Amino acid sequence: YCPQDLYAEAIQYIDNHKLVLSVDDTVLDKPYSQHMDLVGFFWSGKHHRSVKGINLVTLYATDQHGKNVPLNFRLYDHAEHNTKNDYFMEMLNEVLQWGADIYCVTGDTWYAATSNLKAIRNHGIRFMFGIDKNRNVSFEKGIWHQIQKLPDFENGQKVWLKDFGFVQLFKTQLKEQQRFYIVYQ
């Protein structure tokens with residue numbers, strides 16, 4: 001069973017037109033595993049620390065009718081010397097090659113690497129990603145600000161993301177923490 005088998009099965013259950021594709025990963029906890037392939041230490045959002053387990057990276061598609069299915073996956077394998085971002089780009093390119101009609105890609109800050117954003121843009125696809133508070137943006141040429149140090153701004157502020165280009169920057173308050181998101185259209 002391989003990722004293309006999953007795609008071939010899953011794509012039948014959604015309307016393959018203007019899909020929203022989300023990338024995320026999860027850790028399948030394996031705290032007592034000894035000498036198992038694919039088991040390593042990975043950051044867990046659930047535990048808020050690195051835990052021993054198997055890391056699964058997934059591309060999940062939602063169609064215009066609200067139906068959603070997983071379209072592609074990778075099990076993180078240290079022996080391959082790939083990063084989660086490498087897997088993400090491989091998976092995105094595969095689903096595009098297989099015929100997915102992607103309108104927009106979403107993901108958390110982990111997947112908002114500049115190289116990923118540029119690759120998505122080069123495919124002519126929109127995106128929305130969480131972005132780390134220490135990323136640099138500019139309102140005017142040559143003057144850079146860390147996102148976390150920006151003066152108050154209206155949601156949807158147009159900014160130049162360093163090494164990328166113009167994006168819309170949004171901020172939200174989640175519990176006691178500010179979160180930042182960028183949108184490229």
Side-chain angles (χ1 to χ4, degrees), residues 7 10-11 14-27 43-46 55-74 83-139 144-185:
Y7 178 87
I11 200 70
I14 59 174
D15 179 7
N16 185 15
H17 179 68
K18 292 189 175 184
L19 299 174
V20 175
L21 194 68
S22 299
V23 59
D24 203 4
D25 63 284
T26 189
V27 179
W43 178 260
S44 168
K46 173 183 173 184
N55 192 231
L56 173 66
V57 184
T58 307
L59 288 183
Y60 200 76
T62 304
D63 71 12
Q64 299 296 305
H65 309 288
K67 293 181 185 174
N68 40 56
V69 293
L71 285 186
N72 204 341
F73 71 94
R74 289 293 189 281
T83 67
K84 290 191 282 187
N85 285 305
D86 294 333
Y87 286 132
F88 168 43
M89 286 292 100
E90 284 178 11
M91 294 187 307
L92 176 63
N93 289 325
E94 286 174 352
V95 297
L96 287 168
Q97 182 180 1
W98 298 335
D101 178 16
I102 302 169
Y103 173 75
C104 183
V105 177
T106 68
D108 62 23
T109 58
W110 187 273
Y111 298 98
T114 301
S115 59
N116 292 351
L117 302 179
K118 287 180 177 180
I120 295 166
R121 177 181 64 193
N122 290 343
H123 284 296
I125 301 172
R126 301 168 182 226
F127 63 71
M128 181 177 83
F129 280 90
I131 189 149
D132 284 327
K133 61 186 178 183
N134 64 349
R135 295 284 290 268
N136 289 311
V137 297
S138 177
F139 297 109
W144 298 102
H145 307 277
Q146 278 190 352
I147 290 173
Q148 67 186 340
K149 296 179 180 175
L150 288 176
D152 285 343
F153 66 92
E154 295 295 320
N155 277 343
Q157 176 70 45
K158 188 174 183 179
V159 296
W160 183 274
L161 179 63
K162 190 169 190 176
D163 299 324
F164 178 78
F166 284 110
V167 294
Q168 290 290 115
L169 175 65
F170 295 85
K171 65 178 173 179
T172 60
Q173 192 72 29
L174 183 62
K175 298 181 183 175
E176 294 179 15
Q177 183 181 26
Q178 275 193 334
R179 298 270 176 109
F180 300 93
Y181 300 89
I182 54 170
V183 174
Y184 174 79
Q185 299 187 34

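This is a predicted model, so every value here is computed, not measured.
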(message) Test of understanding: with side-chain hydrogen bond (donor to acceptor under 3.5 Å, both in side chains), list the residues that count as partners of Asp101, not counting sequence neighbours.
(response) His17
(message) Checking Thr106 now: which residues fulfil side-chain hydrogen bond (donor to acceptor under 3.5 Å, both in side chains) with it, not counting sequence neighbours?
(response) Ser22
(message) Can you tell me how far apart CG (Asn16) and CD1 (Ile102) are? Round to the nearest 0.5 Å.
(response) 8.5 Å
(request) Please list, chain by chain and in numerical order, all residues satisfying side-chain contact (heavy atoms from CB on, under 4.5 Å) with Ala112, sequence neighbours excluded. (result) Phe129, Arg135
(request) Check Ala61 against Leu19 and note the closest heavy-atom contact, atom names and distance. (result) CB-CD1, 4.2 Å
(message) Can you list everything that forms a side-chain contact (heavy atoms from CB on, under 4.5 Å) with Ser138? Sequence neighbours excluded, please.
(response) Trp144, Trp160
(message) According to ring-ring contact (aromatic ring centres under 6.0 Å, His included), does anything in residues 93-121 pair up with another residue at least two apart or in another chain? List the pairs.
(response) Tyr7-Trp98, Phe88-Tyr111
(request) Would you check if the side chain of Asp24 reaches a backbone N or O of Leu59 as a donor-acceptor pair within less than 3.5 Å? (result) no
(request) Taking the side chain as every heavy atom from C-beta outward, state whether Leu92 and Leu21 have any pair of such atoms under 4.5 Å apart. (result) yes
(message) Can you pull out every side chain to side chain donor-acceptor pair (under 3.5 Å) where at least one residue sits in residues 84-93? Sequence neighbours excluded, please.
(response) Asp25-Lys84, Arg74-Glu90, Glu80-Tyr87, Asn82-Glu90, Thr83-Asp86, Asn85-Asn116, Asn93-His123
(message) Tell me if a side-chain donor or acceptor on Asp15 pairs with a main-chain N or O of His65 at a distance below 3.5 Å.
(response) no
(message) Nearest 0.5 Å, please: how far is CD in Gln185 from CE in Met128?
(response) 11.0 Å
(message) So which atom in Met91 and which in Val57 form the shortest heavy-atom distance, rounded to 0.1 Å?
(response) CE-CG1, 3.3 Å
(request) Could you pull out all residues at least two apart from Asp163 that satisfy side-chain hydrogen bond (donor to acceptor under 3.5 Å, both in side chains)? (result) none
Extract all donor-acceptor atom pairs below 3.5 Å that involve side chains of residues 164-172 and protein atoms in other chains or at least two apart in sequence.
from	atom 1	to	atom 2	distance (Å)
Gln168	NE2	Gly156	O	2.2

(request) May I ask you to test the Gln146-Asn136 pair for a side-chain heavy-atom distance under 4.5 Å? (result) yes
(request) Quick one: closest heavy-atom pair of Leu71 and Ala10, and the distance? (result) CD2-CB, 4.1 Å
(request) Starting at CG of Leu96, measure out to CD of Glu94 and round the result to the nearest 0.5 Å. (result) 10.5 Å
Output side-chain donor-acceptor pairs under 3.5 Å for residues 175-182, partner residues at least two apart or in another chain, one line each.
from	atom 1	to	atom 2	distance (Å)
Gln177	OE1	Arg179	NE	3.4
Gln177	OE1	Arg179	NH2	3.3

(request) Using the test side-chain hydrogen bond (donor to acceptor under 3.5 Å, both in side chains), find all partners of Asn68 that sit at least two apart in sequence or belong to another chain. (result) Tyr60
(message) Surrounding CE of Met89 (heavy atoms of other residues, nucleotides or ligands, distance under 6.0 Å), is the total greater than 12?
(response) yes
(request) Can you measure from CZ (Phe139) to NE2 (His145) and round to the nearest 0.5 angstrom? (result) 6.0 Å
(request) Indicate the atoms forming the closest heavy-atom contact of Pro70 with Thr58, along with that distance. (result) CB-CG2, 4.0 Å
(request) With rounding to the nearest 0.5 Å, note down the distance linking CG in Leu161 to OG1 in Thr114. (result) 6.0 Å
